Q: 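Below you'll find the structure I mean.
For this chain, numbers begin at 1 and follow the sequence in order. Please read all numbers here as calculations on a predicted model, not as lab measurements.
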Amino acid sequence: MADPSSYRPQTGEIPTNPGVYRFRDPHGRVIYVGKAKNLRSRLNSYFANPAGLLPKTHAMVYAASSVEWTVVGSELESLQLEYTWIKEFKPRFNVVFRDDKTYPYLAVTMGEKLPRVQVMRGERRKGTRYFGPYTAGAIRETMDTLLRVFPVRSCSAGVLKRAQASGRPCLLGYIDKCSAPCVGRVTPEEHRALAEDFCAFMGGEAKRFIARLEKEMGAAVAILDYERAARLRDDITALKKVFERNAVVLAEDTDADVFALHEDELEAAVQVFHVRGGRVRGQRGWVVEKVEDFTTPDLVEHLLQQVYGEDAEIQGRLPREVLVPVEPSNAQDLAAWLGGIRGAKVDIRVPQRGDKAALMSTVRDNAEHALRLHKTRRAGDLTVRSQALQELQEALELPVPLLRIECFDVSHVQGTNVVASMVVVEDGLPKKSDYRKFSITGAAATDDTAAMHDVLTRRFRHYLVDKTAQVETAELVATPAAGANGSASASGAAADAALADTTTPAPKAKFAYPPNLVVVDGGKPQVNAAARALEALGIDDVYVVGLAKRLEEVWLPDSDFPVILPRSSQGLYMLQRIRDEAHRFAISFHRQKRGKAMTVSALDGVPGLGDSKRKALLAHFGSVKKIKAATAEELTAAKGVGPALAAAIVTHFSPAGAGGAPEDAVPAINMTTGEVLET
């Protein structure tokens, strides 16, 4: 960890203009992005008395090794540039409002050919429209009620395929809660229109559909079709039942988002009610860990910046009015920025009295309950992870905290289809976006130690390449040395160029972040092979251990005796979980590769011969043996095979051809099912 005094810029070098600053760690990673009306005043606050900073700010300052800044022309430009850089670099110490995934949403997958209505939790998917959230019981009842009027598909992909194959709909199709597009009762276009009506009703157009059904019911009564009129009456009752659940809270012409928060010294919970047409149409929540000594106006500013920066691009949910508990910092500039995103004026207001203030109080109560629930659920999990990481650090006598751990495993069957996996754990949690697969060939596939040496060499060679590229990029955009006027900031033209350049995100480095600890699946030989690979690359700040399966012993490089962790140790449990995850990931890749190898055909190597023509040849001749014996003229009798392709097949199977094979070659067999693919 760096001493802040080692990279503190001289006070006279820092300009007093508004601008955006970035802290970088020793590996060139941007770990924090901030903006300031006065860069000199803000940056000096980090270095004047580091011991007096908040714990997370203190950790950030000591984790950094350099700071740089860019001067901009106005506070609005600084707001735009800060948001762009946070979105591009995703700094680990910045305020990040994590979505509350507690409640389920009613989702319509409009991106599919046959849209599906279903209950969803978790991350939002592209091409899917969401409504809610609801409580678990209410969402099922709402969905069941609406499918009576809007019979949109709600079955899974597997059920849909079986219905299409058999020509019979599922149970919902028989009880008229699905229009059964799988068997052609309606066309895909008609089914999509039903899904659009479903979304329109959930989006606030309930009165239009109720009025239409009432008109149809009156027409049915007029022609004495009482059976249809009764069905329409029940449909109207069902729609009104759903519609009345969303109580009117504001005037019917009000479109607003109502934000409220509840905070303590370390965290804050935020809730928002989405009011459309005077009714609460949805609710969302976030929890944020405080990094700097943010005031409530600062938190509100960052909240709106993040939420609408994402929503405006993905969901387009920015309303005319945004109600907040306190006026955010730079309220005018923030309103102008949001107005530019929406394409129309956006008002940011603090309700003082009346219905809006009463609704704000309700939202605040929700935020208070959300923070209490978050702390209750996180306490045990966070404590165990912290204990496990601390136990590992102490047992292995490592001088650095284990912020990132990578585990490697090799998988094969008797030396064939050799593969390896890399899984990543950050702060005790898996980071699946950084998982990697490796195919191992040649001399490295001879044994496990050679394979482990090869994988570690390739992984950290990529790291060195990416590290060099990042350093070169950082040098290009770094703040120039102080000029004659004593300012270390970029000039106005350079600042404009830097601001413009942020519209094009920098390429992401895949292997740029090194781990604090490398775990290999195996004992002393595998650990020593991994250590030799790192030593050959000149890497001496990454520690290596191995976990042997037989006795769950932890091996260190060049050690004659293993480290024995207690069976009840949380650190040992964490190592086992990481090792098992690496093993699972490697086995999955190995099975995938082995499956492809088992279905290789003797015809696959023929230039220009694709899957359809290969099937046509097999259908015409019956076997590969007959294809090999056929002349070019006989081959052209097969569908789709022309003279050029026929000549290529003859050349391939001739004794001098690259694809020549003995007559008694083993037929292609799918070893999973035992099916003989070719004879």
Q: Taking the side chain as every heavy atom from C-beta outward, state whether F23 and P91 have any atom pair closer than 4.5 Å.
A: no
Q: Who pairs with L194 by side-chain contact (heavy atoms from CB on, under 4.5 Å), at least two apart in sequence or on another chain?
A: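 If we apply the side-chain contact (heavy atoms from CB on, under 4.5 Å) test to L194, skipping adjacent residues, the hits are P151, V152, S179.
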Q: Can you list the residues that meet the side-chain contact (heavy atoms from CB on, under 4.5 Å) rule with P18, with sequence neighbours excluded?
A: none
Q: For S65 and Y7, which heavy atoms make the closest approach, and how far apart are they?
A: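 Looking at all heavy atoms of both residues, the closest pair is O-CB, 3.2 Å.
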Q: My understanding is that only residues two or more places apart in sequence, or in another chain, count here; which of them pass side-chain contact (heavy atoms from CB on, under 4.5 Å) with K113?
A: P188
Q: For the side chain of N516 and the backbone of L403, is there at least one donor-acceptor N/O pair under 3.5 Å apart?
A: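 Such a contact is found between N516 side chain and L403 backbone.
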Q: Tell me every residue that passes side-chain hydrogen bond (donor to acceptor under 3.5 Å, both in side chains) with N38, counting only those two or more places apart in sequence or in another chain.
A: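 If we apply the side-chain hydrogen bond (donor to acceptor under 3.5 Å, both in side chains) test to N38, skipping adjacent residues, there are no hits.
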Q: Quick one: does V307's side chain get under 4.5 Å of D257's, heavy atoms only?
A: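 Answer no - side chains too far apart.
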Q: For R192, which residues count as a side-chain hydrogen bond (donor to acceptor under 3.5 Å, both in side chains) partner, sequence neighbours excluded?
A: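 Applying side-chain hydrogen bond (donor to acceptor under 3.5 Å, both in side chains) to R192 gives none.
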Q: Applying side-chain hydrogen bond (donor to acceptor under 3.5 Å, both in side chains), can you list everything that pairs with Q390, at least two apart in sequence or on another chain?
A: E394
Q: When you measure from the side chain of T109 to the backbone N and O of P115, does any donor-acceptor pair fall under 3.5 Å?
A: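 No: the side chain of T109 does not pair with the backbone of P115.
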Q: How would you list, by chain and number, every residue that makes a side-chain hydrogen bond (donor to acceptor under 3.5 Å, both in side chains) with E214, sequence neighbours excluded?
A: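 Checked E214 against side-chain hydrogen bond (donor to acceptor under 3.5 Å, both in side chains); zero matches.
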Q: Does E426 have any salt bridge (Lys or Arg N to Asp or Glu O under 4.0 Å) partners at least two apart in sequence or in another chain, and if so, which?
A: R404, K431
Q: Answer yes or no: is there a side-chain heavy-atom contact under 4.5 Å between P430 and V423?
A: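 Contact flag for P430/V423 side chains = no.
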Q: Compare all side-chain heavy atoms of V272 with those of H274 and state whether any distance is below 4.5 angstrom.
A: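 A side-chain contact exists here, since the closest heavy-atom pair is under 4.5 Å.
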Q: Go through the structure and list residues passing salt bridge (Lys or Arg N to Asp or Glu O under 4.0 Å) with D235, not counting sequence neighbours.
A: R148
Q: For the residue pair W69 and E13, what are the closest heavy atoms and their distance?
A: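 Closest approach of W69 to E13, heavy atoms only: CZ2-O, 3.6 Å.
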Q: Are any side-chain N or O atoms of R42 and backbone N or O atoms of K35, one a donor and one an acceptor, separated by less than 3.5 Å?
A: yes
Q: With no hydrogens and no angle check, is any side-chain donor or acceptor of R22 less than 3.5 Å from a backbone partner on E68?
A: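 Side chain of R22 to backbone of E68, a donor-acceptor pair under 3.5 Å: no, none is there.
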Q: Which residues satisfy the side-chain contact (heavy atoms from CB on, under 4.5 Å) test with S329, sequence neighbours excluded?
A: P297, D298, E301
Q: With the side chain counted from C-beta on, respond yes when L359 and V275 share a heavy-atom pair under 4.5 Å apart, and no when they do not.
A: yes
Q: Is any side-chain heavy atom of V258 closer than 4.5 Å to one of T362?
A: no
Q: Any heavy-atom pair between the side chains of L323 and F273 that's under 4.5 Å?
A: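 No. Closest side-chain heavy atoms not under 4.5 Å.
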Q: Residues in salt bridge (Lys or Arg N to Asp or Glu O under 4.0 Å) with D347, at least two apart?
A: K345, R349
Q: Side chain to side chain contact (heavy atoms under 4.5 Å, CB included) for M360 and R364? Distances and angles first, verdict last.
A: CA-CA 6 Å; M360 175 74 72; R364 189 181 301 110; 3.5 Å; yes
Q: Could you report the tightest heavy-atom contact between I341 and Y308, atom names first, then the distance?
A: CD1-O, 4.4 Å
Q: What orientation do F259 and W286 show, parallel under 30°, tilted 30 to 60°, or perpendicular over 60°?
A: parallel
Q: Tell me whether the count of non-hydrogen atoms from other residues, nucleotides or ligands lying under 6.0 Å of CD in E368 goes above 12.
A: yes
Q: Closest heavy-atom contact between G285 and Q271?
A: CA-NE2, 3.4 Å
Q: Looking at D427 and L429, would you say the former's side chain and the latter's main chain have a donor-acceptor pair under 3.5 Å?
A: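 No, the answer is negative, given that no donor and acceptor are paired below the 3.5 Å cut-off.
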Q: Please name all residues satisfying salt bridge (Lys or Arg N to Asp or Glu O under 4.0 Å) with E112, sequence neighbours left out, ordered by chain then number.
A: R153
Q: Considering non-hydrogen atoms only, spot the tightest contact between G34 and E82 and give its length.
A: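 Scanning both residues, the minimum pair turns out to be CA-OE2, 3.9 Å.
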Q: Within a strict 4.5 Å, meaning less than it, do heavy atoms of the W85 and T70 side chains meet?
A: yes
Q: Indicate the atoms forming the closest heavy-atom contact of P351 with V324, along with that distance.
A: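 Taking P351 first and V324 second, the nearest heavy atoms are CD-O, 3.7 Å.
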Q: Without swapping roles, check the side chain of Y46 against the backbone of R8 for a donor-acceptor pair under 3.5 Å.
A: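 Judged by distance alone, no pair lies under 3.5 Å.
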